[in-house]
Peer 1: 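Below you'll find the structure I mean.
Note that the structure is predicted; figures quoted are calculated from it, not measured.
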Amino acid sequence: QVQLVESGGGLVQPGGSLRLSCAASGNILSIYIMGWYRQAPGIQRELVATITRGSSTYYAHSVKGRFTISRDTGKGTVYLQMSSLKPEDTAVYYCNAVMVGERKDYWGQGTQVTVSS
């Protein structure tokens, strides 16, 4: 089992940057994939980016070139560096982890990102 805690959200102007962090604790050595999802009011939760244990990354088309996902496996932490932020990036951002040998996902509590002038 693993616990996930997000941080780094806040209010930022369009074109600005934020860095989100997800600190994992517990059985971090069994984490296979970590990712970021987001959910805006009235819109279903969508995948933003993922990173595997082998450091393979995936980005949603809407954020590719603007967001960068990275990880520190020793600390069990994953980051999402967000640049050139747009109002449509406004959402609650959730950290997600998939464990080796398990068929369930773990989720953090979410952190609010608001992009507005």
Peer 1: Kindly give the heavy-atom pair with the smallest separation between Val12 and Leu18, and that separation in Å.
Peer 2: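 Here Val12 and Leu18 meet closest at CG1-CD1, 4.0 Å.
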
Peer 1: Hey, could you give me the CG/CD distance between Asn27 and Glu102, rounded to the nearest 0.5 Å?
Peer 2: 7.5 Å

Peer 1: Does any non-hydrogen side-chain atom of Val78 lie less than 4.5 Å from one of Cys95?
Peer 2: yes

Peer 1: Could you go through Gln112 and Thr114, starting from their C-alpha distance and side-chain angles, then the distance that decides it, and tell me whether this counts as side chain to side chain donor-acceptor pair (under 3.5 Å)?
Peer 2: CA-CA 6 Å; Gln112 174 70 229; Thr114 302; 3.3 Å; yes

Peer 1: Between Leu4, Thr50, Thr77, which is the residue that forms a side-chain contact (heavy atoms from CB on, under 4.5 Å) with Met34?
Peer 2: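 The residue from Leu4, Thr50, Thr77 that satisfies side-chain contact (heavy atoms from CB on, under 4.5 Å) with Met34 turns out to be Leu4.
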
Peer 1: With a 4.5 Å heavy-atom cut-off, do Ser17 and Arg19 have their side chains touching?
Peer 2: no

Peer 1: Taking only residues two or more places apart in sequence or in another chain, which ones pass ring-ring contact (aromatic ring centres under 6.0 Å, His included) with Tyr79?
Peer 2: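 ring-ring contact (aromatic ring centres under 6.0 Å, His included) list for Tyr79, sorted by chain: empty.
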
Peer 1: Same hydrophobic cluster for Ile28 and Trp36, using side-chain heavy-atom links shorter than 4.5 Å among ILVMFWY?
Peer 2: yes

Peer 1: Let me confirm one number: the OH-CG distance from Tyr58 to Leu47, rounded to the nearest 0.5 Å.
Peer 2: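 The OH atom of Tyr58 sits 6.0 Å away from the CG atom of Leu47.
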
Peer 1: Give a yes or no answer on whether the side chain of Ser84 reaches the backbone of Arg66 with a donor-acceptor pair at less than 3.5 Å.
Peer 2: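 Not at all, since once roles are kept as given, no pair shorter than 3.5 Å links the two residues.
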
Peer 1: Is the backbone of Leu80 close enough, under 3.5 Å, to the side chain of Tyr93 for a donor and an acceptor to pair up by distance?
Peer 2: no

Peer 1: Is the NZ or CZ atom of Lys64 both under 6.0 Å from the centre of the six-membered ring of Phe67 and within 45° of that ring's axis?
Peer 2: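 Not flagged: Lys64 not positioned over aromatic ring of Phe67.
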
Peer 1: Do Pro87 and Pro14 make a side-chain contact, defined as non-hydrogen atoms from C-beta onward lying under 4.5 Å apart?
Peer 2: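 Side chain of Pro87 against side chain of Pro14, heavy atoms only: contact under 4.5 Å found.
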
Peer 1: Can you measure from CE (Met82) to OG1 (Thr68) and round to the nearest 0.5 angstrom?
Peer 2: 11.0 Å

Peer 1: Describe, in one word, how the ring planes of Trp107 and Tyr94 are oriented to each other, choosing from parallel (under 30°), tilted (30 to 60°) and perpendicular (over 60°).
Peer 2: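 Taking Tyr94 first and then Trp107, their aromatic rings stand perpendicular (interplane angle over 60°).
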
Peer 1: Does any N or O in the side chain of Gln109 come within less than 3.5 Å of the main-chain N or O of Glu6, such that one atom is a donor and the other an acceptor?
Peer 2: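 Such a contact is found between Gln109 side chain and Glu6 backbone.
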
Peer 1: Quick one: CD1 on Ile51 to OG on Ser56, what's the gap to the nearest 0.5 Å?
Peer 2: 8.5 Å

Peer 1: Quick one: are Arg38 and Ser62 in side-chain contact, heavy atoms under 4.5 Å?
Peer 2: yes

Peer 1: Which distance, rounded to the nearest 0.5 Å, do you find between the OG1 of Thr111 and the CG of Leu20?
Peer 2: 6.0 Å

Peer 1: Which distance, rounded to the nearest 0.5 Å, do you find between the CD of Gln1 and the OG of Ser25?
Peer 2: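 It comes to 9.5 Å.
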
Peer 1: Indicate if Val98 and Val2 have the same hydrophobic cluster label, given that clusters are the connected sets of ILVMFWY residues with side-chain heavy-atom separations under 4.5 angstrom.
Peer 2: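 Different clusters: Val98 never reaches Val2 through Ile, Leu, Val, Met, Phe, Trp or Tyr contacts under 4.5 Å.
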
Peer 1: Do Ile69 and Val92 belong to the same hydrophobic cluster, where Ile, Leu, Val, Met, Phe, Trp and Tyr are linked whenever their side-chain heavy atoms lie under 4.5 Å apart, directly or via other members?
Peer 2: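 Different clusters: Ile69 never reaches Val92 through Ile, Leu, Val, Met, Phe, Trp or Tyr contacts under 4.5 Å.
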
Peer 1: Which atom pair, heavy atoms only, marks the closest approach of Gly9 to Val113?
Peer 2: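 Minimum heavy-atom contact is CA-CG2, 4.1 Å.
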
Peer 1: Treating Ile, Leu, Val, Met, Phe, Trp and Tyr as nodes and any side-chain heavy-atom pair under 4.5 angstrom as an edge, say whether Tyr37 and Ile33 lie in one connected cluster.
Peer 2: no

